Amino acid sequence: MATIEDVARAAGVSASTVSYVLSGKRSISAPTRRRVEHAIAELGYRPHAGARALASSRTNVIGLVAPLRSGVDVAVIMQFVTGVVTRAREFDHDVLLLTQDDTGGLERVAAGSMVDAIVVMDVEADDPRIPTLRALRQPTVLIGLPREPAGLSCVDLDFEAVGRLGATHLARTGHTDVALVGSPPEVMARHTSYADRVVRGFREACAEHGLRGEIEPCEPTPAGARHAVDAVLDRAPGTTGLLVHNERALPHVLAHLAERGRAVPDDVSLVAVCPTDVALAQSQPLTSIDIPAEVIGGVAVEMVLSRLRGEQPAETRLLAPVLTERDSTAVHEAHVSP
DNA sequence: CGGTTCGACTAGGCGACATT
DNA sequence: AATGTCGCCTAGTCGAACCG
């Protein structure tokens with residue numbers, strides 16, 4: 001294996017010059033740079049990551065804690081992961097993936113200086129990992145919003161605004177009886193931050209617009225969707241507007257509405273909260289509030305690296321939701337007077 | 001061990017001013 | 001007017017300290 005000394009010797013310069021060619025941190029004359037680059041190519045030189053970490057106290061690795069467990073949608077998780085990895089590569093960093101179930105993994109990786117910074121996904125309102133994260137010497141960014149975010153950097157879609165936007169859109173289009181078909185019961189019970197916030201925003205907007213607003217958790221299965229839709233329609237048969245925040249249940253909700261003879265959008269308007277590609281992949285293109293997972297993952301990396309450079313104090317960034325109208329919503333005209 | 005970083009050194013360019 | 005030289009600045013490079 002060629003070392004930086006071998007490259008320096010071949011190029012007729014010192015090791016530090018090779019280092020500066022590689023990092024670009026100081027200017028190097030064009031002829032010298034060419035000789036060094038030629039030697040690097042000739043020898044097939046790759047810097048030794050361990051030695052580099054030793055000298056610079058930087059690993060150029062970001063730790064990512066991802067929730068690969070029941071009740072979460074792996075496809076959506078992967079969109080976040082893609083956003084994180086892609087953006088990290090743009091900043092010349094690699095990503096070390098940790099799963100949520102790997103208790104102690106966070107401390108092991110952080111205390112062992114295996115990573116420069118950490119991104120944590122799927123944060124709960126009172127996440128038990130938060131004291132640990134606060135104590136780490138590496139900067140941390142949470143994807144999600146804990147109840148007490150002071151001192152921590154957080155980024156997320158503004159899910160409270162999502163709940164509000166969904167209900168408000170239905171109110172504005174004439175619906176008075178609406179329902180939120182939400183996350184799976186276990187996600188709700190865990191007080192996963194985003195699920196709570198959607199519910200809160202939805203309730204607020206219903207109160208503000210005088211809507212009757214049912215809230216029903218939903219298992220992401222055909223039976224779960226059937227059960228949730230039935231529960232809503234049993235309690236509130238006049239429901240004409242649905243906000244569905246559960247993308248695996250989406251196709252089953254649509255199917256069961258059809259089974260019950262409720263046409264979308266003529267009888268029931270449906271607003272989905274999901275990534276755009278999911279909204280477009282259903283039996284009809286759905287009006288949706290996008291979950292820009294890749295964007296959020298990318299923003300998390302930017303935030304954590306800027307904190308690493310000491311540029312940014314801890315901050316919370318909530319991305320404003322955007323609703324796109326498609327074929328699953330219509331103006332409700334039940335109360336039009338003759 | 002194999003890197004990175006910082007301070008120091010050198011060469012060369014440039015303007016101001018003095019000398020021929 | 002042409003030439004010399006002084007001081008200062010910058011770009012490019014190196015050596016040594018340092019990392020656990």
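Protein chains get the first letters and strands the later ones, always in sequence-line order, with residue 1 at the start of each. Note that the structure is predicted; figures quoted are calculated from it, not measured.
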Original post:
Hey, is NE2 on H209(A) packed in by over 12 heavy atoms from elsewhere, all under 6.0 Å?
Top reply: yes
To the nearest Å, how far apart are [X] [atom1] and [N] [atom2]?
X       : N       : atom1 : atom2 : value
D92(A)  : dT4(B)  : CG    : C1'   : 15 Å
N60(A)  : dG2(B)  : CG    : P     : 20 Å
Y45(A)  : dT4(B)  : OH    : P     : 6 Å
R52(A)  : dT4(B)  : CZ    : P     : 5 Å
R34(A)  : dT13(C) : CZ    : P     : 12 Å
R26(A)  : dT4(B)  : CZ    : C1'   : 11 Å
D116(A) : dT4(B)  : CG    : C1'   : 14 Å
D6(A)   : dG2(B)  : CG    : P     : 9 Å

Original post:
Can a side chain N or O of K25(A) be found less than 4.0 Å away from OP1 or OP2 on dT5(B)?
Top reply: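 K25(A) to dT5(B) OP1/OP2: side-chain N or O found under 4.0 Å.
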Original post:
So does S19(A) get a side-chain nitrogen or oxygen closer than 4.0 Å to the phosphate oxygens (OP1/OP2) of dT4(B)?
Top reply: yes
**OP:** Tell me whether F80(A) is reachable from F91(A) by hopping between hydrophobic residues (I, L, V, M, F, W, Y) whose side-chain heavy atoms are closer than 4.5 Å.
**Re:**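 Shared cluster, yes.
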Nearest to the side chain of [X], heavy atoms from C-beta on, is which of [options]?
X      : options                  : value
H48(A) : dG12(C), dG3(B), dC6(B)  : dG3(B)
S56(A) : dT5(B), dT13(C), dG3(B)  : dT5(B)
L54(A) : dG2(B), dT13(C), dG15(C) : dG2(B)
S16(A) : dA11(C), dT5(B), dG2(B)  : dT5(B)
T17(A) : dA11(C), dC14(C), dG3(B) : dC14(C)
V13(A) : dG3(B), dT13(C), dC14(C) : dC14(C)

Decide yes or no, distance alone: a donor-acceptor N/O pair under 3.5 angstrom between the base of [N] and the side-chain of [X].
X      : N       : value
R58(A) : dT4(B)  : no
S14(A) : dG15(C) : no
R46(A) : dG3(B)  : no

Subject >> Pairwise distance CD1(I4(A)) to CG(D6(A)) - rounded to 0.5 angstrom >> reply: 10.0 Å
Subject >> Ion pair R35(A)/E37(A), N-O distance below 4.0 Å >> reply: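 E37(A) and R35(A): not salt-bridged.
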Original post:
With the threshold set at 4.0 Å, does a side-chain nitrogen-carboxylate oxygen contact exist between E208(A) and R164(A)?
Top reply: no
